[in-house]
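Here the structure comes first, spelled out in C-alpha cells, and everything after it is commentary.
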Amino acid sequence: MQRHVLSVLVENEPGVLSRVAGLFSGRGFNIDSLNVAPTLEDGVSHMTITTYGDSQILEQIMKQLHKIVTVIKVMDFADMPAIEREMMFVKVQAEGPARSEILRTVEIFRCKVVDVSSSEMTIEATGDHDKLDAILSLLHRFGIKEVARTGSVAMRRSKKCE
C-alpha cells in the first residue's frame, strides 16, 4: 500500500472535519494522521491528512472531497515534490550511563531535550515521518514511556529557477 499525504483547503465551518473524516471511513480508509490549522486567509483552514491505500480508491475519495461544498482545494503530494514535517515528544527512561547515550542520540538527530528529571528525559524531535520512526527505533532500548506526535504538515515545494 502506498502512503498518501493530502492537502485539503476548507472553509472553516462546523461539521467540515466530520464530513471529511466520514468520506474516509465510508470507503474503508483509515486516516493515519490529521492536522488542521487556520491559513492566512480568514475563514479558511488547511488540513494535512496522511493515509495508506490503493491509488484508485484514493482517487475516488479525492473526487468526493471536491463535491463537499466547503472544500476549496485538494492535492495529493504522493507524486509531486513537497516538504513534509512532523514534530514529536518522546519521554524515555534515562538513568545512569544511559543518559549520555541518549544525549548523543539527541545530538546526532538534532533534537532537543525539553524536560529532565532524575529518571526521565523528554525529547523534542522534528523531521519527516521516516526520521521520527528512526529516532523511536534507537530510543526503544532505553525504555520509551510516552510518545506524542503531531502528524504531518505538508506544503508543495517552490519551483526552482533554471
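All values below were derived from every heavy atom in this structure, side-chain atoms included, with hydrogens, water molecules and symmetry-related copies excluded. Each residue takes its place number in the sequence, starting with 1.
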Practice task
Please report the C-alpha distance between Val71 and Leu9 in whole Å, then the side-chain angles of each, then the deciding distance to 0.1 Å, and finally whether the side-chain contact (heavy atoms from CB on, under 4.5 Å) criterion is met.
Solution key: CA-CA 6 Å; Val71 171; Leu9 286 179; over 6 Å; no

Problem - Minimum side-chain heavy-atom gap Arg104-Glu101 below 4.5 Å - result: yes

Completion exercise
Looking only at heavy atoms, the pair that brings Asn35 and Gly151 closest together is ND2-O, 3.9 Å

Practice task
State whether Arg3 and Glu84 are salt-bridged, where the test is any N-O pair (Lys NZ or Arg NE/NH1/NH2 against Asp/Glu carboxylate O) under 4.0 Å.
Solution key: yes

Exercise for the section: Decide whether Val74 and Met47 are clustered together by the hydrophobic rule: side chain heavy atoms of Ile, Leu, Val, Met, Phe, Trp, Tyr closer than 4.5 Å, transitively. Expected result: yes

Practice task
With rounding to the nearest 0.5 Å, note down the distance linking CZ in Arg110 to CD1 in Ile108.
Solution key: 11.0 Å

Handout entry: Worked check of salt bridge (charged side-chain N to carboxylate O under 4.0 Å, His left out) between Glu95 and Arg99
Key = CA-CA 6 Å; Glu95 294 178 296; Arg99 290 176 92 80; over 6 Å; no

Problem - Inter-residue atom distance Asp115.CG - Lys91.NZ, 0.5 Å rounding - result: 7.0 Å

Practice task
Starting from the C-alpha separation in whole Å, work towards a yes-or-no answer on side-chain contact (heavy atoms from CB on, under 4.5 Å) for Val90 and Glu124.
Solution key: CA-CA 7 Å; Val90 185; Glu124 175 188 315; over 6 Å; no

Handout entry: Side chain proximity check, Ile49 to Val20, heavy atoms < 4.5 angstrom
Key = yes

Problem - Co-membership, hydrophobic cluster, residues Val147 and Leu138, 4.5 Å side-chain - result: yes

Handout entry: Side chain to side chain, Thr150 and Val153, heavy atoms closer than 4.5 Å
Key = no

Problem - Residue pair Met88, Leu136: steps toward the side-chain contact (heavy atoms from CB on, under 4.5 Å) verdict - result: CA-CA 10 Å; Met88 80 174 168; Leu136 285 175; 3.7 Å; yes

Exercise for the section: Kindly work out whether a path of hydrophobic side-chain contacts (I/L/V/M/F/W/Y, heavy atoms less than 4.5 Å apart) joins Phe109 to Val106. Expected result: yes

Exercise for the section: Could you tell me whether the side chain of Thr122 and the main chain of Val114 form a donor-acceptor pair under 3.5 Å? Expected result: no

Problem - Between CZ on residue Arg19 and CD on residue Gln64, distance to nearest 0.5 Å - result: 13.5 Å

Problem - Exceeds 12 heavy-atom contacts within 6.0 angstrom, atom NZ of Lys145 - result: yes

Handout entry: Asp133/Arg149 salt bridge by N-O under 4.0 Å criterion
Key = yes

Practice task
Kindly indicate whether the side chain of Val10, heavy atoms from C-beta on, has any atom under 4.5 Å from the side chain of Leu17.
Solution key: no

Handout entry: Ser152 side chain to Ser33 side chain, donor-acceptor N/O pair below 3.5 angstrom
Key = no

Problem - Interatomic spacing from CG in Leu34 to OG1 in Thr48 - rounded to 0.5 Å - result: 8.5 Å

Exercise for the section: Treating Ile, Leu, Val, Met, Phe, Trp and Tyr as nodes and any side-chain heavy-atom pair under 4.5 angstrom as an edge, say whether Met75 and Leu6 lie in one connected cluster. Expected result: no

Exercise for the section: Looking only at non-hydrogen atoms, find the nearest pair between Phe29 and Tyr52 and report the distance. Expected result: CE2-O, 3.8 Å

Practice task
Could you tell me whether the side chains of Glu86 and His129 share a donor-acceptor contact shorter than 3.5 Å?
Solution key: yes

Exercise for the section: Could you pull out the closest heavy-atom pair between Ile31 and Ala21, with the gap in Å? Expected result: CD1-CA, 4.1 Å

Problem - Hydrophobic cluster identity match, Phe142 and Met121, side-chain contacts under 4.5 Å - result: yes

Practice task
Could you give me the CA-CA distance, side-chain angles and deciding distance for Asn12 and Asp42, then say whether side-chain contact (heavy atoms from CB on, under 4.5 Å) is met?
Solution key: CA-CA 9 Å; Asn12 192 356; Asp42 280 345; over 6 Å; no

Fill in the blank from the handout: Heavy-atom nearest pair, Pro97 first then Ser100, reads O-OG, 3.1 Å

Completion exercise
d(Ile72 CD1, Leu65 CG) to nearest 0.5 Å is 13.0 Å

Practice task
Starting at CE of Met62, measure out to OG of Ser55 and round the result to the nearest 0.5 Å.
Solution key: 10.5 Å

Exercise for the section: Mark yes or no for whether Thr39, through its side chain, and His46, through its backbone, hold a donor-acceptor pair below 3.5 Å. Expected result: no

Handout entry: Any donor-acceptor N/O pair, Arg85 side chain to Gly127 backbone, under 3.5 Å
Key = no

Exercise for the section: Kindly say whether Ile123 contributes a backbone atom to a donor-acceptor pair with the side chain of Lys112 at under 3.5 angstrom? Expected result: no

Handout entry: Flag side-chain contact, heavy atom, 4.5 Å: Ile61 against Phe24
Key = yes

